[in-house]
There are 2 protein chains.
Amino acid sequence: MDSRPTPADASPWLPFENRRRARDEKRDAVLRVAVQLFLEQGYHRATLNDVAERLNITKPALYNYFRSKDEILYACWSLGRELVDDAIAAIDAGGGPGLARLRKLVHAYAELMATDFGASLVRFDPRDLTEAHRRIVRAAKKKIDRSFRDYIAAGIADGSVRRCDPKLSAFAIAGSLNWIGHWYQRDGASSPAEIADEFTLRLTEGIAATPDKPARGGPKTKTARKASAPGKQGRKPPRGGTG
Amino acid sequence: MDSRPTPADASPWLPFENRRRARDEKRDAVLRVAVQLFLEQGYHRATLNDVAERLNITKPALYNYFRSKDEILYACWSLGRELVDDAIAAIDAGGGPGLARLRKLVHAYAELMATDFGASLVRFDPRDLTEAHRRIVRAAKKKIDRSFRDYIAAGIADGSVRRCDPKLSAFAIAGSLNWIGHWYQRDGASSPAEIADEFTLRLTEGIAATPDKPARGGPKTKTARKASAPGKQGRKPPRGGTG
DNA sequence: GCGATATATTACCCGCGGGTAAGAAAAAGT
DNA sequence: ACTTTTTCTTACCCGCGGGTAATATATCGC
């Protein structure tokens, strides 16, 4: 019985059936629900009871997988961090002129901001974490910021980017991207891919060395529909469905 | 004794002296301290006891001026809103080409983000407010967004701005500005004026119709040191001192 | 001075929510 | 089938913090 493929987003704790999945899967399920709830209600308003309820379990069961609420928060953030790190690693490995790398990063980051774990990078408050975790967060953010600046600086060096202050330019670009995590919603007018395409263009055309002739034909953004970022992304679908 | 001119940022409730100031001044003092604490610790971590303590009073005394914690939050936000609205009104009154108005708005908004009440516009979570207040917040944000879009659209119409999607461009610009409210700190490397100058340039050069030849000489940002935005800003110093 | 009003204090309530203890129910080992 | 181990539930603790009641102290009009 029960040959249904489990709706992919469903809880592994089916109301009273086969509870036999691996521990890690359950842990992941907790995180998926938690990040969703934390984003939806805000960390402080979302209670562990809420999280448990959505999983068809009770609060204390969560403590089999996590030691505290803030550890769950950190784990969510941590998954998002992995995604960014992978993206950066892939770009670094790829090489190319500074501007090209910057654009890849902008594109990948923009798409990330439209995912739950990606958004958690910018919507969670580090002050809710322990000092130890907070240090890690600070370091990770610094690293991301560094990537933006390095690509810009590299671009200036290799001539693909106009002279500018890499620090403030990075702030401007990253700020714009981070904000996506605050306003993007699945039922919005633009798809993540469209947003990423558009932002990649807009945020880099200002500092690109070559004027770049931005689509004289019209403001249509659906030019680069070809799934954009090739590798890196498909590894761990943050929650494939329509949401 | 005690002829000191009260350090300007100090509490009107001096430990045990002349408590005789006007009600509104005290209310304002509550808000000044509250917004500071809410930003510094986060709304949920900051307790009313904390607020009261910094004012040399006790928690229940606050209830002479506000009915609840979230009302204080709203009042803080509301002050920030006034500042933006004033800025927009001044720009609208001034007229000029779309790009010029957009730049004025960017500049004013950037400087606002470096103030407590300005930052509260983007760092407070509307979900902490009552539904009624939340609606007001939504409307206000929509209005601000509208201004950005309108200036861009006007710029496209009058030829000062290149063709682009006003909606996404506004998102990109506003996002970048909003993010200032998250990273700016008084002891940072750049002053609000410098940041505002730099962002005004960077965020609009991409969509400006005239290439604008951005300072070929070098990445020095102090070019536009001439107090930038003329009127509108000096009216109500958000807290003049060095902070 | 004296009563009325505004403003502050002390002492308290209480609900919410993170976290825990003890034990039931599955799963797994043998 | 039995024990052992893991996982989950029921029932609870308790501290924090928003909010209130009752009362005291200024302040002001007279």
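Chain letters run A, B, ... following the sequence lines, proteins first and then strands; every chain starts at 1.
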Practice problem: Considering just the side-chain nitrogens and oxygens of Y65(A), establish if one lies under 4.0 Å of OP1 or OP2 belonging to dT7(D). | Solution: no
Self-check item: Gap between atoms CD and C1', on Q41(B) and dG17(D) respectively (whole Å)
Solution: 14 Å
Quiz item: Can a side chain N or O of T58(B) be found less than 4.0 Å away from OP1 or OP2 on dA8(C)?
Solution: no
Restricting to nitrogen or oxygen on both sides, can you table the protein-nucleotides 18-20 of chain C pairs closer than 3.5 Å?
unit_1: dG18(C); atom_1: OP1; unit_2: K69(A); atom_2: NZ; d: 2.8
unit_1: dG18(C); atom_1: OP2; unit_2: L48(A); atom_2: N; d: 3.0
unit_1: dG18(C); atom_1: N7; unit_2: K59(A); atom_2: NZ; d: 2.8
unit_1: dG19(C); atom_1: OP2; unit_2: Y63(A); atom_2: OH; d: 3.0
unit_1: dG19(C); atom_1: OP2; unit_2: K69(A); atom_2: N; d: 2.8
unit_1: dG19(C); atom_1: O5'; unit_2: Y63(A); atom_2: OH; d: 3.4
unit_1: dG19(C); atom_1: N7; unit_2: K59(A); atom_2: NZ; d: 3.1
unit_1: dG19(C); atom_1: O6; unit_2: K59(A); atom_2: NZ; d: 2.8

Self-check item: Rounded distance (Å) that lies between atom C1' of dT7(D) and atom CZ of F66(A)
Solution: 15 Å
Self-check item: Pairs satisfying salt bridge (charged side-chain N to carboxylate O under 4.0 Å, His left out), at least one member in residues 36-46 of chain B, at least two apart
Solution: D125(A)-R45(B), D128(A)-R45(B), E40(B)-R54(B)
Quiz prompt | R23(A) vs dT6(D): side-chain N/O to OP1/OP2 distance below 4.0 Å | solution = no
Quiz item: How many Å lie between CG on N64(A) and P on dC8(D), as a whole number?
Solution: 6 Å
Quiz item: Given atom CG of D50(B) and atom P of dG17(D), what is their separation to the nearest angstrom?
Solution: 7 Å
Quiz item: Over how many whole Å does the gap from E53(B) atom CD to dT9(C) atom P extend?
Solution: 12 Å
Quiz item: What pair of heavy atoms forms the shortest contact from T200(A) to H107(A), and how long is it?
Solution: OG1-CD2, 3.3 Å
Exercise. Could you list the residues that satisfy side-chain contact (heavy atoms from CB on, under 4.5 Å) with K69(B), not counting sequence neighbours?
Key: F38(B), Y43(B), L48(B)
Quiz prompt | Non-neighbouring partners of F199(B) that pass ring-ring contact (aromatic ring centres under 6.0 Å, His included), sequence neighbours left out | solution = none
Quiz item: Who are the side-chain contact (heavy atoms from CB on, under 4.5 Å) partners of Q185(A), not counting sequence neighbours?
Solution: D187(A)
Quiz item: Mind checking what makes side-chain contact (heavy atoms from CB on, under 4.5 Å) contact with A114(A), not counting sequence neighbours?
Solution: Y184(A), P192(A)
Exercise. Check the distance between dT7(C)'s P and E25(B)'s CD and give it to me in whole angstrom.
Key: 13 Å
Quiz prompt | Nearest-angstrom distance from the residue atom CG of N56(A) to C1' of dT9(D) | solution = 14 Å
